[in-house]
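Quick notes on the structure that follows.
Counting from 1, the numbers follow the sequence of the chain as shown.
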Amino acid sequence: MAATKRAYHPRLPMHAPNPNPKRKPAKKRRSAFSRFLTGLIGWGAALALLAALGLALAVALTMSSLPSYQELMKSPQGQSVVIRAADGTELVTVGPSYGRWLTYREIPTDMVEAMKAVEDRRFDWHPGVDPIGMMRAFVVNLKAGNTRQGASTITQQLARNLFLTRDQTFIRKIREQVVALAMERKFSKQQIMELYLNRVYFGGGAYGIDAASRKFYGHPATELDLAQSAIIAGLVKAPSRYAPTADPERARGRAKIVIATMVDSGAIGPAEAQAANVDLVRFVVDKDQGDVRYFTDWVLTQLETLTDEAVEPLDVTTSLNPRHQAAAEAAAAAQQIEGTQLGIIAMRSDGAVTAMVGGRDYAKSIYNRAVTARRQPGSSWKLFDYLVALEEGMKPDSGVVDQPVRINGWSPRNSNGRYLGAMTLKQAFALSVNTVAVQLGQRFGFDSVAAMARRFGITTPISTQPAMALGSSEVTLLQMTSAYASIAGGGVEARPWAIQSVTTASGHTLYNREPDNPRILVAPFVAQYMTEMMRAAVETGTGRAAQIGRPLAGKTGTTSSNKDGWFIGFTPELVAGVWMGRDDAKTVRGLAGGQAPARVFAAFMSRALTGVAPTPLNDQVELPEYASEPDAEAYGLAPGSEFGSETAHPDPGRLDPSLVPDSAPPPVKEDPQVLTDGWIEDATSGAPKQ
């Protein structure tokens, strides 16, 4: 029994295990939480290592794909176009504006320090992303419950501007940080700051500090002081809101915050901050572009056909004369008729457009009524009726008859219902007699009139119904003015143009206009005869309100119910066309070509030609010797073809008897009554549908 009993040990409790040296004590088991925590730390470390390796690989790959610094210095995305007048005056800059590229050494220290203080205080030491800034932004945004503060460094902003979009997504943010880290590995801090300050947007269309400085202060960025630098640095946060062009006082208020931040960061001392008084900074006031944008918009449409350069900034020199443009805008403003719009075009006889107004106010309506709008020209169309007659052999003193005419049941009438009887061709044109214009069209062919209009540059649809002789087909002011310019040029085509040259910012010439090969539209003496008759229209006819005290030729035009009023005319130095009317084509009481449009023309010409010595019109005709003129037959000329001659073709004033009423012809008046130009309403009433 004693052998089976457990031996007593005085130092061990009764139930303690027997300390047998041959048996190991059992290990204490770890808790489940402890095992989970250990595994989590292990896996976390492994994942962190993999993430670090992945980030390093992504940064390395991104760095290898980044463009070189020289490539990044090239023209930024978005092309700017500077449009200039003929004298080099800048009219407008279209698209983004870029100043001169400044090297880091050329950038004022105040500008660099202001940008660091307000955008990236730890720029000099962070690797491209700012962990401290990220944690601070996280805490601020967490307390606010929304995004109140960002943590993008200058490098991140540059990466986003150069290579990424502004999409507010997590993936884009990660990509931004990777690119920023890669840029910090490839470029120096000075290079990154140089890129940033030359590329960032500062509002008002200005990219880079030099463009911003020139736009807001009128001088290059190399001359920026502390106050001016603070204003520019403050714009990055919200360019459209803080730009001086949008709100000067808000820009100053933001600059005060920038200066306070610079003091807080130690970039400047309190004395320097106090000396930098942003309230004393004066901004350059944008020059009023007025209505020249109608012209520059038209120029841009032509530019697309002259060059396919779509990256490098362009410098375009045009034909516009600033004095002529100012005169056109002043003339338009001086003649206000409620509810009406107007168009004004001025050009030289070679087609160079020197002024353009396409409406009352470009800011309210960009629709260009001088180039785009199609309106009935009224009696100004008679230019083509009479050119056909002159080319067929008539002369200004040829006899015609103002009498009733009926064609297929349609009868053009004069506004007073009376007829003047026998008169000369020149008198009929000067007084804008409707019946004579229709007779000319019938005699020589309405198709011939349409062909003449086509020859002179009318490209819009032309009706060949009888009423077309009175201007029932729609045209543009640009087309009609260029047609009259061809007469001013002696019968040589005046094709409208505006662009003289196109060069790149680097000085490479892409286009330089060469004079067109002149195309003769009518014989010189035909143009001279036409000029003689247009001179009579201004001196004794419907265009007397256009007189400016110097030799002048022109023609009025008024459409049915006074919906359109025209005056187009020229001196030897300048051609101009004026149209007035409503966009909705409603009647304008009292509107006639010989009234408001003629007065606008006179006001424009008087200002535009101030200081220019008058010269005589080219209306002295020297008839060709038909026996020795080889081209006479091409012009349809023959001896004795004068209209009204006893041996010539039948007088178109004596039409087919079936077209003339049975009533006795009206008596001939020795002193013809002066008629107005408002006959087309009656003339087109009852006309056959076209």
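With S606 contributing its side chain and A602 its backbone, the two residues share a donor-acceptor pair below 3.5 Å. The backbone N or O of L303 sits nowhere less than 3.5 Å from a side-chain atom of T307 that would complete a donor-acceptor pair. When atom types are taken as modelled, the side chain of D619 and the backbone of Q528 share no donor-acceptor pair closer than 3.5 angstrom. A distance-only check finds no donor-acceptor pair linking the side chain of T476 to the backbone of R374 [under 3.5 Å]. Judged by distance alone, with hydrogens and angles left aside, the side-chain atoms of Q341 form a donor-acceptor pair with the main-chain N or O of R360 at under 3.5 Å. Using a distance-only test at 3.5 Å, with no hydrogens or angles considered, a donor-acceptor pair links the side chain of T571 to the main chain of E573. No donor-acceptor pair closer than 3.5 Å links the side chain of R535 to the backbone N or O of E539.
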What verdict does the side chain to side chain donor-acceptor pair (under 3.5 Å) test give for Q500 and T318, after you've listed the backbone C-alpha separation in whole Å, the side-chain angles of each residue and the deciding distance to 0.1 Å?
CA-CA 5 Å; Q500 178 62 58; T318 70; over 6 Å; no

Apply side chain to side chain contact (heavy atoms under 4.5 Å, CB included) to V588 and R582, showing your working.
CA-CA 8 Å; V588 180; R582 291 175 59 99; 3.6 Å; yes

Derivation and outcome, side chain to side chain contact (heavy atoms under 4.5 Å, CB included), residues T340 and L591
CA-CA 10 Å; T340 63; L591 178 64; 5.6 Å; no

Go through the steps for L91 and V299 under the test side chain to side chain contact (heavy atoms under 4.5 Å, CB included), then give the verdict.
CA-CA 11 Å; L91 299 176; V299 167; over 6 Å; no

Tell me, with the steps shown, if M533 and T531 meet side chain to side chain contact (heavy atoms under 4.5 Å, CB included).
CA-CA 5 Å; M533 294 194 294; T531 301; over 6 Å; no

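Side-chain atoms of K395 and S398 include no donor-acceptor pair closer than 3.5 Å. A donor and an acceptor atom, one from each side chain of W579 and D564, are located under 3.5 Å apart. Donor-acceptor pairing under 3.5 Å is lacking for the side chains of S473 and S463. Using a 3.5 Å distance cut-off with no hydrogens or angles, the side chains of T93 and E90 do pair a donor with an acceptor.
Taking 4.5 Å as the limit, every side-chain heavy atom of V492 sits out of range of all side-chain heavy atoms of R519. Within the 4.5 Å cutoff, the side chain of V357 has heavy atoms near those of the Q325 side chain. When side chains are defined from C-beta on, I568 does not count as touching L383, because their heavy atoms never get closer than 4.5 Å. Using a 4.5 Å heavy-atom cutoff, the side chains of T542 and K555 are in contact. The closest side-chain heavy-atom distance from I458 to M480 is below 4.5 Å. Residues R455 and V522 form a side-chain contact, since some pair of their non-hydrogen atoms from C-beta on lies under 4.5 Å apart. Between L477 and W566, some side-chain heavy-atom pair lies under the 4.5 Å cut-off. Counting heavy atoms from C-beta on, the side chains of P220 and R214 come closer than 4.5 Å.
Salt-bridge check for D315 with R84: passed, with a basic side-chain N closer than 4.0 Å to an acidic carboxylate O.
Residue R369 holds its CZ atom at 13.0 Å from CD1 of I345, rounded to the nearest 0.5 Å. The line from OG1 of T317 to CG of L320 is 11.5 Å long, rounded to the nearest 0.5 Å. A distance of 9.5 Å separates CG in L574 from OG in S349, rounded to the nearest 0.5 Å. Interatomic distance, OG1 of T503 versus CG of N512, reported as 10.0 Å (0.5 Å rounding).
Taking the six-membered ring where the residue is Trp, the centroids of F429 and Y386 are separated by under 6.0 Å. Between Y362 and Y294, the gap from one ring centroid to the other is short of 6.0 Å.
Figure legend: R513 and W497 shown as a cation-pi pair, the cationic atom lying under 6.0 angstrom from the six-membered ring centre and within 45 degrees of its axis.
The aromatic rings of Y217 and H219 lie parallel to each other, with less than 30° between the two planes, well short of the 60° mark.
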